[in-house]
2 protein chains.
Amino acid sequence: MSETEERATGGTLAHRVPDLGALELLLAVARLGSLGAAAREVGITQPAASSRIRSMERQLGVALVDRSPRGSRLTDAGALVTDWARRVVEAAEAFDAGTQALRDRRDSRLRVAASMTIAEYLLPGWLLALRAQRPDTAVSLLAGNSAAVAERLLADEADLGFVEGLTVPHGLDSAVIAHDRLIVVVAPAHPWARRRRPLAAAELAATPLILRERGSGTRQVLDTALGGLARPLIELSSTTAVKASAVGGAGPAVLSELVVGEELAMRRLVAIPLEGIALRRDLRAVWPTGHRPTGPARELLSLTRA
Amino acid sequence: MSETEERATGGTLAHRVPDLGALELLLAVARLGSLGAAAREVGITQPAASSRIRSMERQLGVALVDRSPRGSRLTDAGALVTDWARRVVEAAEAFDAGTQALRDRRDSRLRVAASMTIAEYLLPGWLLALRAQRPDTAVSLLAGNSAAVAERLLADEADLGFVEGLTVPHGLDSAVIAHDRLIVVVAPAHPWARRRRPLAAAELAATPLILRERGSGTRQVLDTALGGLARPLIELSSTTAVKASAVGGAGPAVLSELVVGEELAMRRLVAIPLEGIALRRDLRAVWPTGHRPTGPARELLSLTRA
DNA sequence: TGGGGGCATAAGCTGGTCTTATGAGCGAGA
DNA sequence: TCTCGCTCATAAGACCAGCTTATGCCCCCA
């Protein structure tokens, strides 16, 4: 092979994974039971679909569908592949929903301002749901910290805001839409992953942790709950970096459960139960005092309430 | 626009979301801080990278990187987009790891047989971890029910197996690698999502549920724990279908926490606490009695233990 | 005042994916 | 039994996206 480390089978990831169009087509075939029908749904011709599926099978080295003169059904392997494909497509849909909102259209019917964590992890899902209900609502998104969100709302540059944290900025009304729990996580290889009894607050306070920088929302909640200062093992400036560091085994981290859902499910991180302290914070929708959300803003708000 | 419902901005999802190569390139730019360096890493030339990033910005309608004569840094929007992109790429990596294993290579150094749920949700993650440790280990995967897994192992057609369920097939030794909890989930709009007190076993038994067909592992565990038969609202033949049905609001479902991790994090499903009944089942690694796993099988096994 | 790193532009090639046109298997109904 | 209607496959040609090489400009630093 060439200079960098490469897999036995083909070059880069993009060469080994079919493109989104092919994955969508596969999902359509799975749902509709026919290449032709799937082709119609995604807006291509039947021969194109046939060839696309075939070349995907060649690329993966796996037979995905059983063709018959009476339709096409997934093979067992195909069913497995389809479920993996579904997850890729769902991630792409979230990407799409997010970036569409990010496009700066002043004329958007609904302008949302949100804190980073919410913008990153929650909003794409909400936007997908909103799109399902009101396909024509154009949404624009501005992400920033609580102060920036408040500023936008008060300057009438946003219709609805979302913040996490302990306090509500002045001049805004708010409604709690969910509770975010901070949890202690470690890589599966960490000794804590095998402990049986919950972690006591004192123990947590005494242990150096992978943390966001001081001043971040997460850090504030943690310091408050511990009744003192958490001890940093490393300080990083983004949630993503903290997560990566924890997965890599650098040590225990304290993160919102929102951001580690997938890692927990895949067992790349393990949550350690806590005893005697509740690391909760509210997630709030906010709007200028008096201006209750109406129209699409109201709709989005109702979507966000569990 | 044309016949089917389409978004204002462009045709299908694949037209609105950059392809995997572009997303990988963006991640490389974010990490390395330079278009040229990123280009080198993904194995293309600098002009190609420049043009790819530029066309991605045009496609998304958002400026992603600040170019300067001294390098390129992400804009704020770019950082957000990059994190969404990372999730797409991670899903693609899991897809890749899974399908590579699915390729039926008899000469694979490590042949794994696993139950559907484990193959679908857990194995891709493990394989990524294994690949990180031993890049040259070729793995093949066969997915089936417990009986099929046992058969493969006993016929020496697999080196290591994974099953979930209450019993271990005869002729196999096993080690518990994790516990899977079944949880009750409903869509956020369901009345149960707002209840304060945990659900009692009797109440669960009395409520019609979205379930897998009888004979499925999940169903067995549920029936056993309820000390009788669960009442079906609908019976579906795949976990994916059950999940989709629950998200759609058809009613409460009982599912492995493995398969709904993302839906819970995104608040598309809500977990209902249970009282007085533990819907746990063991996830086990299995191998023919006497043949303790060695080599790559042993390595994979150790990766799976939290 | 030259490197050397960074990025952009231009021209030409290549390959993949689409299209249209056609053929062939299977089942249902006249 | 013939034919229609559904399925999928194959073939030939058009088109476009992305790559490469070659070049130029800008900025910083030695």
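Lettering follows sequence order; numbering is per chain, from 1. Only a predicted model underlies this, so the values are computations on that prediction, with no experimental measurement involved.
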Below 4.0 angstrom, which residues in residues 46-58 of chain B have at least one non-hydrogen atom near DNA chain C? B:Gln46, B:Pro47, B:Ser50, B:Arg54
For the residue pair A:Asp83 / B:Thr240, report whether a side-chain donor-acceptor contact shorter than 3.5 Å exists. yes
Check each residue of residues 64-76 of chain A for a non-hydrogen atom within less than 4.0 Å of any atom in DNA chain D, then write out the ones that pass by number, or none. A:Arg67, A:Ser68, A:Pro69, A:Gly71, A:Ser72
Results of ring pair (Phe, Tyr, Trp, His ring centres under 6.0 Å) for A:Phe95 - residues two or more places apart only: none
Is B:Thr45 near enough to D:dT21 that one of its side-chain N or O atoms lies under 4.0 angstrom from OP1 or OP2? no
Is there a ring pair (Phe, Tyr, Trp, His ring centres under 6.0 Å) between A:Phe162 and A:Trp126? Walk through the geometry before answering. CA-CA 12 Å; A:Phe162 294 96; A:Trp126 295 341; 4.9 Å; yes
Rounded to whole Å, the CG-P distance (B:Asp19 to C:dG15) equals 18 Å
Note: B:Glu263-A:Arg87 ion pair, threshold 4.0 Å (strictly below): no
To the nearest angstrom, the CZ-C1' distance between A:Arg40 and D:dG5 comes to 12 Å
Less than 4.0 Å between a side-chain N and a carboxylate O, is that true for B:Asp19 and B:Arg52? yes
For A:Leu35 and C:dA24, give me the distance from atom CG to atom P, rounded to whole Å. 20 Å
Side chain of A:Ser50, backbone of A:Gln46: donor and acceptor closer than 3.5 Å? no
In terms of heavy-atom contacts, does CZ of B:Arg67 have more than 12 from other residues, nucleotides or ligands at under 6.0 Å? yes
Nucleotide D:dC8, atom P - distance to CG of A:Leu25 in whole Å: 11 Å
What integer distance in Å separates A:His15:NE2 from C:dG15:C1'? 11 Å
How many whole angstroms separate atom CG of A:Leu23 from atom P of C:dT17? 12 Å
Pair A:Asp96 + A:Arg131: basic N to acidic O under 4.0 Å: yes
